[in-house]
Amino acid sequence: MKVWLLLGLLLVHEALEDVTGQHPPKNKRPKEPGENKIKPTNKKVKPKIPKIKDRDSADSVPKTQSIMIQMMDKGRFQKPAATLSLTAGQTLELRCKGNKIAWSYPAYLDTFKDTRLSVKQHERYGQLTLVNSTAADTGEFSCWGQLCNGYICRRDEAKTGSTYIFFTEKGELFVPSPSHFDVVYLNPDKQAVVPCRVTVLSAKVTLHREFPAKEIPANGTDIVYDAKRGFVYLQPHSDHQGVVYCKAEAGGKSQISVKYQLLYAEVPSGPPSTTILASANKVKGGDDISVLCTVLGEPDVEVEFRWIYPGLKDERPVTIQDAWRLIHRGLGHTTRISQSVLTVEDLETIDAGYYICTAQNLRGQTTVATTVEFS
């Protein structure tokens, strides 16, 4: 009993010390002057889980916003859909927000420097206007902002806009072609397109071979149809070559497209396959020589030639002639042969040495050389 009484007195004494502040609590350090004196509470606080924003993904892939709007009747504006159908003859006005706007539109309008098209840059937006539209204007219209550092500008991928417009015109189911016959080259390592595009999105379009006469099905595996491009050969091969045409049906009317000659290109894509040959490698003073540089390549790929020769630094007069033609090499395979001939007359000692030819196309360049010596 005495023990319990003693314990009780001790507890009362400690409680009085806490109240009067005579001694700091045991096992607790005294607070420094100016230290926060807020006492901890026994409230149970539910930990807040911070909301994770997709900042990383947003930073790595800029958010793209369409900057294009279309001018409607009575001064109204609206964002154009991915595809539009307009009646030929209508005026098209597109605007894109930004103080440096670049535009892309059907190449047909650039090829003929069409005065119906005007592109202007205003203080806060770029403006494209096309008047007296025709079926031939059918195609993709797009714009994008530019980020410029001095005279060097690059495309701002976060600020773009585009729409594909079908301009419907009476009697024109196909986008008119500048010629009645066109050539499509079939390369084994890239897609080929028969560009019979329509002006009516709902038109039913089929592909036909002229001889032997039959319809060529677009099965979605070898050949697919895209109203914005035409019939696409996904993996061209030699069996596809021949003369083909397209047929469109819409609104109870039908129309035949121009004809397309499909030629299989034997030479694969890549830098020019180049050879060089001199008419003579051993010469005498006063002789004439010709050096021939030859490239076999894809039928639709142009080649440029450059020459380095011994008399170049002394401005030795030479004649250079470039030419090309298509040749057929068995089973209808078609190849483009491009040639450059350098001719030197009345040879002198400064004409001896290396004749170097460099052939270049969009996929690279090849350099070849031969020597000419005095005997």
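Residue numbers run from 1 in the order of the sequence given.
In summary, the side chains of Gln360 and Arg306 do present a donor paired with an acceptor at a separation below 3.5 Å, with no hydrogens or angles considered. With hydrogens and angles left out, the side-chain atoms of Thr367 and Thr358 include a donor and acceptor closer than 3.5 Å. Residues Asp288 and Thr343 bring no donor and acceptor atom of their side chains to less than 3.5 Å of each other. With hydrogens and angles left out, the side-chain atoms of Ser340 and Trp307 include a donor and acceptor closer than 3.5 Å.
The CG atom of Leu342 sits 12.0 Å away from the CD1 atom of Ile308 when rounded to the nearest 0.5 Å. Here CD1 of Ile67 is found 4.0 Å from CD1 of Ile101. Values are rounded to the nearest 0.5 Å. Taking CD of Gln261 as the start and CD of Glu210 as the end, the distance is 9.0 Å to the nearest 0.5 Å. Distance check, rounded to the nearest 0.5 Å: CZ of Arg336 to CZ of Arg325 gives 12.0 Å. Note that CG of Asp182 is 14.0 Å distant from NZ of Lys259, once rounded to the nearest 0.5 Å. Atom-to-atom distance recorded for Asp346:CG and Ile289:CD1 is 12.0 Å, nearest 0.5 angstrom.
Between the side chain of Lys79 and the backbone N or O of Ser66 there is at least one donor-acceptor pair closer than 3.5 Å. Checked by atom type and distance alone, the side chain of Asp226 pairs as donor or acceptor with a backbone atom of Lys228 at under 3.5 Å. In this structure, the side chain of Thr199 does not engage the main chain of Val175 through any donor-acceptor pair within 3.5 Å. Under a 3.5 Å cut-off, the side chain of Ser257 and the backbone N or O of Cys246 do form a donor-acceptor pair. In this structure, Thr163 contributes its side chain and Ala81 its backbone to a donor-acceptor pair below 3.5 Å. A donor-acceptor pair under 3.5 Å is formed between the side chain of Asn281 and the backbone N or O of Thr371. Although no hydrogens or angles enter the test, the distance criterion places a donor-acceptor pair under 3.5 Å between the side chain of Glu169 and the main chain of Ala135. With hydrogens and angles disregarded, no donor-acceptor distance shorter than 3.5 Å links the side chain of Ser254 to the backbone of Ala248. Of the possible polar contacts, one joining the His237 side chain to the Asp239 backbone as a donor-acceptor pair under 3.5 Å is found. Without hydrogens or angle criteria, Asp314 side chain to Gly311 main chain gives no donor-acceptor distance under 3.5 Å.
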Candidate pair Lys214 and His208, rule side chain to side chain contact (heavy atoms under 4.5 Å, CB included), full reasoning: CA-CA 6 Å; Lys214 68 173 185 178; His208 300 262; over 6 Å; no
Candidate pair Val205 and Phe231, rule side chain to side chain contact (heavy atoms under 4.5 Å, CB included), full reasoning: CA-CA 9 Å; Val205 188; Phe231 285 94; 3.7 Å; yes
CA sep, side-chain torsions, deciding dist, call: Thr274, Thr294, side chain to side chain contact (heavy atoms under 4.5 Å, CB included): CA-CA 6 Å; Thr274 313; Thr294 303; over 6 Å; no
Trace of the side chain to side chain contact (heavy atoms under 4.5 Å, CB included) decision for Thr83 with Phe166: CA-CA 8 Å; Thr83 58; Phe166 296 88; 4.3 Å; yes
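Using cut-offs of 30° and 60° on the angle between ring planes, the pair Phe167 and Phe141 is perpendicular. Taking the six-membered ring for Trp and thresholds of 30 and 60 degrees, Tyr233 and His240 have ring planes more than 60 degrees apart, a perpendicular arrangement.
Remark: Glu302 CD is loosely packed, at most 12 non-hydrogen atoms of other residues, nucleotides or ligands lying under 6.0 Å away. Other residues, nucleotides and ligands contribute only 12 or fewer heavy atoms inside 6.0 Å of the CD atom of Glu304. Heavy atoms from other residues, nucleotides or ligands lying under 6.0 Å from CD of Gln235 number 12 at most. By the neighbour-count criterion of 12 heavy atoms within 6.0 Å, atom CG of Asn219 is densely surrounded, having more than that number from other residues, nucleotides or ligands. Around the CZ atom of Phe77, the shell of radius 6.0 Å holds more than 12 heavy atoms that belong to other residues, nucleotides or ligands.
For the pair Ala192 and Tyr185, the tightest heavy-atom approach, listed with the atom from each and the gap, is CB-O, 3.8 Å. For Pro310 against Tyr354, the heavy-atom pair with the smallest separation is CD-O, 3.2 Å. For Met68 against Cys143, the heavy-atom pair with the smallest separation is CE-SG, 3.9 Å. What you find for Pro271 and Arg363 is that their closest heavy atoms are CG-O, 3.7 Å. Gln255 and Gly171 get closest at one heavy-atom pair: OE1-O, 3.6 Å. For the pair Ser177 and Val258, the tightest heavy-atom approach, listed with the atom from each and the gap, is CB-CG1, 4.0 Å.
Both Val194 and Ile216 are members of a single hydrophobic cluster when ILVMFWY side chains are connected at heavy-atom separations under 4.5 Å. Taken together through direct or relayed side-chain contacts under 4.5 Å among Ile, Leu, Val, Met, Phe, Trp and Tyr, Tyr225 and Val232 form parts of separate hydrophobic clusters. Two different hydrophobic clusters hold Leu292 and Leu347 under the rule that ILVMFWY side chains link at heavy-atom gaps under 4.5 Å. Linking Ile, Leu, Val, Met, Phe, Trp and Tyr residues whenever their side-chain heavy atoms come within less than 4.5 Å leaves Ile350 and Val318 in two separate clusters. Clustering ILVMFWY residues whenever any of their side-chain heavy atoms sit less than 4.5 angstrom apart, transitively, puts Leu207 in a cluster other than the one holding Val200.
Arg116 pairs with exactly one of Asn132, Asp137, Thr91 by the side chain to side chain donor-acceptor pair (under 3.5 Å) rule, that one being Asp137.
For the pair Ser142 and Tyr105, the minimum side-chain heavy-atom distance is 4.5 Å or more. In this structure, Tyr164 and Leu84 have side chains that are not in contact, with every pair of non-hydrogen atoms separated by 4.5 Å or more. The shortest distance between side-chain heavy atoms of Val372 and Tyr355 falls below 4.5 Å. Looking at heavy atoms from C-beta onward, Thr168 lies out of side-chain contact with Leu86 at the 4.5 angstrom threshold. With contacts defined as side-chain heavy-atom distances shorter than 4.5 Å, the pair Pro80/Ile165 does not qualify.
Arg95 and Glu93 are joined by a salt bridge, as a carboxylate oxygen and a charged side-chain nitrogen come within less than 4.0 angstrom of each other. Ion pair Lys282/Glu373 flagged as a salt bridge, since at least one NZ, NE, NH1 or NH2 atom sits closer than 4.0 Å to an Asp/Glu carboxylate oxygen.
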